[in-house]
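Sequence positions, counted from 1, serve as the residue numbers for this chain. Keep in mind that what you see is a predicted model, and the values were worked out from it rather than measured. First listed ligand is number 1; within each ligand, the first listed atom is number 1.
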Amino acid sequence: MQELEVQHTDDGSATLFVPALDEHYHSVKGAYTEALHIYRDCAYLYAAEQHTVGERPLRLLEIGFGTGLNAVVTAMVATAQRSVHYIALEKYPVVPDLVRSLGYDKWVDAELFAAIHGAPWEQPTDITPHFTLEKRCCDLLGTAIPEEIDIVYFDAFAPEKQPEMWSAEVFARIYQGMRPGGVLTTYCAKGAIRRLLQATGFTVERLAGPIGGKREILRAVKA
Ligand SMILES: C[S@@+](CC[C@H](N)C(=O)[O-])C[C@H]1O[C@@H](n2cnc3c(N)ncnc32)[C@H](O)[C@@H]1O
């Protein structure tokens with residue numbers, strides 16, 4: 001992957017900057033705040049509320065594992081009532097030294113974060129009794145989407161930077177892999193992306209963004 005730099009966002013948490021793309025891994029308004037609000041709360045906890053206790057684990061797909069921040073904040077709230085099988089796709093794994101230099105140990109459960117990064121790729125690994133992680137090093141564009149997905153964290157780089165990740169074809173494949181009632185969230189609230197998700201078949205709502213961050217985000221639900 002290209003050269004990466006650690007930078008700090010407005011809530012004090014760090015993110016990675018990709019100079020070649022002029023793009024950050026998280027919102028510059030707050031990396032940690034974004035992970036909690038857009039992904040953990042608006043997707044995982046929202047979907048879990050509608051999940052029947054005692055059913056099979058929720059199957060979650062993350063597009064762009066990156067720093068593992070979304071994964072760890074999800075693992076921290078996974079319980080028996082909402083256990084998760086978390087499948088994360090990543091084309092360019094971040095090297096351990098760079099992960100350490102983000103300083104996320106001060107923000108999240110450091111042991112869990114280490115276990116998430118220490119887990120082998122391509123192999124489901126129980127990180128806690130309620131959180132199984134399957135990191136897949138692959139290119140979303142050339143990979144079959146896993147089946148029976150309940151929740152999608154769609155966290156690709158911005159459409160202006162990586163338009164190929166935000167295509168009708170990609171959303172159709174994701175939709176196909178989701179269960180009815182499945183929930184997808186993304187930080188991108190652009191009209192063109194909302195219309196693309198609607199044309200794919202999702203029911204899409206605009207939600208308030210994180211405090212101090214973007215005005216709106218999108219949540220898409222498969223009927
Ligand atoms: C916005 S960042 C995601 C941040 C991440 N969710 C986190 O919590 O740190 C986008 C991620 O998508 C990854 N990526 C870019 N192109 C990809 C592709 N074609 N397939 C899979 N992952 C890709 C990048 O390497 C990067 O980690």
For residues 187-199, run the donor-acceptor check on the side chains, cut-off 3.5 Å, and write out each pair with its distance to 0.1 Å, sequence neighbours left out.
| from | atom 1 | to | atom 2 | distance (Å) |
| --- | --- | --- | --- | --- |
| Y187 | OH | A156 | O | 2.7 |
| Y187 | OH | A158 | N | 3.1 |

Original post:
Is the shortest heavy-atom distance from the side chain of V99 to the side chain of F113 under 4.5 Å?
Top reply: yes
Original post:
Looking at CD1 of I149 and CD1 of I174, how far apart are the two atoms once the value is rounded to the nearest 0.5 Å?
Top reply: 10.0 Å
**OP:** Evaluate the side-chain proximity of H37 to I217: yes if any heavy-atom separation is below 4.5 Å, no if none is.
**Re:** yes
Subject >> Distance filter under 4.0 Å to E62 heavy atoms, resulting ligand 1 atoms >> reply: 6 (N)
Subject >> Atoms of ligand 1, numbered as shown, that sit under 4.0 Å from any heavy atom of D139 >> reply: 18 (C), 19 (N), 20 (N)
Original post:
Should one rank G64, A156, S27, G66 by closest heavy-atom distance to atom 11 (C) of ligand 1, which comes out on top?
Top reply: G64
Original post:
Considering H26, Q162, K91, M165, which one's heavy-atom position lies nearest to atom 8 (O) of ligand 1?
Top reply: H26
Subject >> Those atoms of ligand 1 less than 4.0 Å from some heavy atom in L140 >> reply: 18 (C), 19 (N), 20 (N), 21 (C)
**OP:** Measure Y153 to ligand 1 on non-hydrogen atoms and call it side chain, backbone, both or neither using the 4.0 Å cut-off.
**Re:** neither
**OP:** Please identify which atoms of ligand 1 are closer than 4.0 Å to at least one heavy atom of L69.
**Re:** 8 (O)
Subject >> Check: W107 and V72 side chains under 4.5 Å, non-hydrogen atoms >> reply: no
Subject >> Enumerated ligand 1 atoms positioned under 4.0 Å from heavy atoms of F65 >> reply: 5 (C), 6 (N), 7 (C), 8 (O), 9 (O)
**OP:** Using a strict 4.0 Å cut-off to heavy atoms of T67, name the atoms of ligand 1 that fall inside it.
**Re:** 7 (C), 8 (O), 9 (O)
Original post:
Does a side-chain heavy-atom distance below 4.5 Å link P210 with K29?
Top reply: no
Ignoring hydrogens and angles, write down the donor-acceptor pairs under 3.5 Å from the side chains of residues 129-141, residues two or more places apart or on other chains.
| from | atom 1 | to | atom 2 | distance (Å) |
| --- | --- | --- | --- | --- |
| T132 | OG1 | D126 | OD1 | 2.7 |
| E134 | OE1 | H85 | NE2 | 2.6 |
| E134 | OE2 | R136 | NE | 3.1 |
| E134 | OE2 | R136 | NH2 | 2.9 |
| K135 | NZ | I116 | O | 2.9 |
| K135 | NZ | H117 | O | 3.3 |
| K135 | NZ | A119 | O | 2.9 |
| D139 | OD1 | L141 | N | 2.8 |
| D139 | OD2 | K91 | NZ | 3.2 |

Original post:
Of all the atoms in ligand 1, which lie at a distance below 4.0 Å from a heavy atom belonging to Y92?
Top reply: 25 (O)
Original post:
How are the rings of F154 and F171 set relative to one another: parallel (under 30°), tilted (30 to 60°) or perpendicular (over 60°)?
Top reply: tilted
Subject >> Contact check, Y39 vs ligand 1, heavy-atom distance below 4.0 Å >> reply: no
**OP:** For C138, take its heavy atoms, then give the atoms of ligand 1 lying under 4.0 Å from any of them.
**Re:** 20 (N), 21 (C)
